[in-house]
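Following: one structure in structure tokens, then a few remarks.
Here the structure is a predicted model, which means the values were calculated and not measured.
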Amino acid sequence: MAIRSGVKRILVTGVSGFVGKYMVRELAASGHRVWGLSRVQREDAIEGLEQHVIADLLDEDAIRTALSTIKPNIILHLAAQSNPALSWDLPLDTFEANVGMTISMLRAARICPEARFYFVSSSDVYGRPEERFLPISEQQALVPDNPYAVSKISAEHCARLYGQRSGLEVGIIRPFSHTGPGQTSSFVVPSFAKQIAEIEFGIREFLNHGDVSTYRDFTDVRDIVRAYRLIMEHPRCIPVVNVCSGKTIQIQTILEKLMQQAKVEIRVKVDPNRQRMEKSTPLRGSNELLIRETGWEPQYSIEQTLADVLDEQRRHLAISQSSKRFEAS
């Protein structure tokens, strides 16, 4: 069933997370009415929300109550445990978050049979294919190599099955690596940026890093959410679509670009504890389907993204240091 053009009533789960606040801002700026659903309240208000509903996303009754009030015609399920490295330490928690919450959302969404349900998966479901299979299209075989990826594949299958049974239209979105201001320092780009800011402030001496030989397909989070919006505004529900830049960049190059923007000389050290349990193979997605169906093109260069992330880390550190000086006085 095609969704009517114009303003849509959109429920976004996980609005308290990194991508969530950008998603709300993008949708609201485009004229849509947006509700948020998450387990925790952000310290700062999320601009553009009609209402921020706080509920356990494993509580099907609480979700159903929210849906019966909001009556969305689009549900964007962003909420997840989104750190692949953490999934090795917390595999059960990862499955509960990524599979359990998805099932709860799908079961509750049966009261909105004319809505579309978009599940935000991950490029990790493709694993690390050989270079001859690049770029990765939506038809690529799914070969997960960490618990996070397995949980996302499981959630994808659940979304399709529940969609078929309930008549709910389901779309799967597979974003590749993305970063930007606001991402936690457990991810590589903000980790580098935070350490550079700390060196500039004289708090640390060296920048510690793990394996920087890997190649990844990075997109700015602001371009990512614009792609999500265009996908949701499409007259038909696209079954599966990649969201990516279609280009690779080495982590070493990202580090060098950030170091070039530093205000002081940056010395680095290899930290064995930062090594990941995965093969160092290139990863590059195909955005051909996305561009063909929506006309999307990335607007942010990697240099601009890195500059924005570094500036944000500097601002946060400056505020933190100022607060400490005030408390000490």
Side-chain angles (χ1 to χ4, degrees), residues 8 10-34 36 38 42 44-49 52 74 76-80 82-83 118 120-123 171 173-194 197 216-234 238 241-249 251 253-254 257-258 261 283-287 289-291 293-316:
K8 298 174 175 61
I10 303 176
L11 173 66
V12 180
T13 72
V15 290
S16 296
F18 166 52
V19 179
K21 63 178 182 179
Y22 286 102
M23 191 73 258
V24 172
R25 189 181 306 157
E26 174 71 23
L27 291 170
S30 298
H32 300 297
R33 300 185 65 189
V34 191
S38 63
R42 288 178 59 90
D44 54 324
I46 303 174
E47 185 179 352
L49 275 182
H52 187 176
I74 292 181
L76 179 67
H77 184 39
L78 277 174
S82 58
N83 192 325
Y118 288 96
V120 179
S121 184
S122 168
S123 64
I173 303 174
R174 293 175 180 160
F176 282 61
S177 297
H178 45 284
T179 190
Q183 191 174 36
T184 69
S185 57
S186 60
F187 292 86
V188 63
V189 173
S191 173
F192 289 163
K194 181 180 180 181
R216 293 292 177 263
D217 185 329
F218 273 97
T219 304
D220 189 289
V221 65
R222 292 161 288 192
D223 283 326
I224 288 283
V225 296
R226 187 164 48 83
Y228 291 178
R229 173 178 62 80
L230 292 171
I231 291 168
M232 287 186 283
E233 290 175 345
H234 197 279
I238 306 172
V241 59
N242 290 338
V243 178
C244 55
S245 72
K247 302 176 182 178
T248 55
I249 184 169
I251 302 301
T253 301
I254 287 177
K257 287 180 179 293
L258 280 168
Q261 298 181 26
L283 193 61
R284 175 165 55 94
S286 168
N287 55 22
L289 175 63
L290 174 65
I291 293 173
E293 293 289 341
T294 70
W296 174 89
E297 289 283 357
Q299 296 179 346
Y300 288 84
S301 67
I302 187 65
E303 288 78 13
Q304 182 63 58
T305 301
L306 297 179
D308 290 348
V309 173
L310 181 53
D311 284 344
E312 184 203 39
Q313 292 293 339
R314 287 169 174 152
R315 286 194 299 271
H316 285 177

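- Under the salt bridge (Lys or Arg N to Asp or Glu O under 4.0 Å) criterion, Arg222 pairs with Asp220, Asp308, sequence neighbours left out.
- Taking the side chain to side chain donor-acceptor pair (under 3.5 Å) definition, one finds that Ser123 meets it with nothing, sequence neighbours left out.
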- Message: Quick one, Val243 with Ile173, criterion side chain to side chain contact (heavy atoms under 4.5 Å, CB included). Give me CA distance, side-chain angles, the key distance, then yes/no.
- Response: CA-CA 7 Å; Val243 178; Ile173 303 174; 3.7 Å; yes
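- Not counting sequence neighbours, the partners of Lys257 by the salt bridge (Lys or Arg N to Asp or Glu O under 4.0 Å) test are Glu303.
- Residues passing the side chain to side chain donor-acceptor pair (under 3.5 Å) test with Thr248: none are found, sequence neighbours excluded.
- Although no hydrogens or angles enter the test, the distance criterion places no donor-acceptor pair under 3.5 Å between the side chain of Trp296 and the main chain of Tyr228.
- Here Ser30 pairs with Arg229 under the side chain to side chain donor-acceptor pair (under 3.5 Å) rule; sequence neighbours left out.
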- Message: Would His52 and Val15 count as a side chain to side chain contact (heavy atoms under 4.5 Å, CB included) here? Give the steps.
- Response: CA-CA 8 Å; His52 187 176; Val15 290; 3.4 Å; yes
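- Within the 4.5 Å cutoff, the side chain of Leu306 has no heavy atoms near those of the Phe192 side chain.
- At least one donor-acceptor pair under 3.5 Å links the side chain of Asp217 to the backbone N or O of Gly285.
- Within 6.0 Å of NZ on Lys21 lie more than 12 heavy atoms contributed by other residues, nucleotides or ligands.
- Residues meeting the side chain to side chain donor-acceptor pair (under 3.5 Å) test with Arg33, sequence neighbours left out: Glu50.
- A side-chain N or O of Glu233 and one of His32 form a donor-acceptor pair less than 3.5 Å apart.
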- Verdict with reasoning, Phe187 to Thr179, per side chain to side chain contact (heavy atoms under 4.5 Å, CB included): CA-CA 8 Å; Phe187 292 86; Thr179 190; 6.0 Å; no
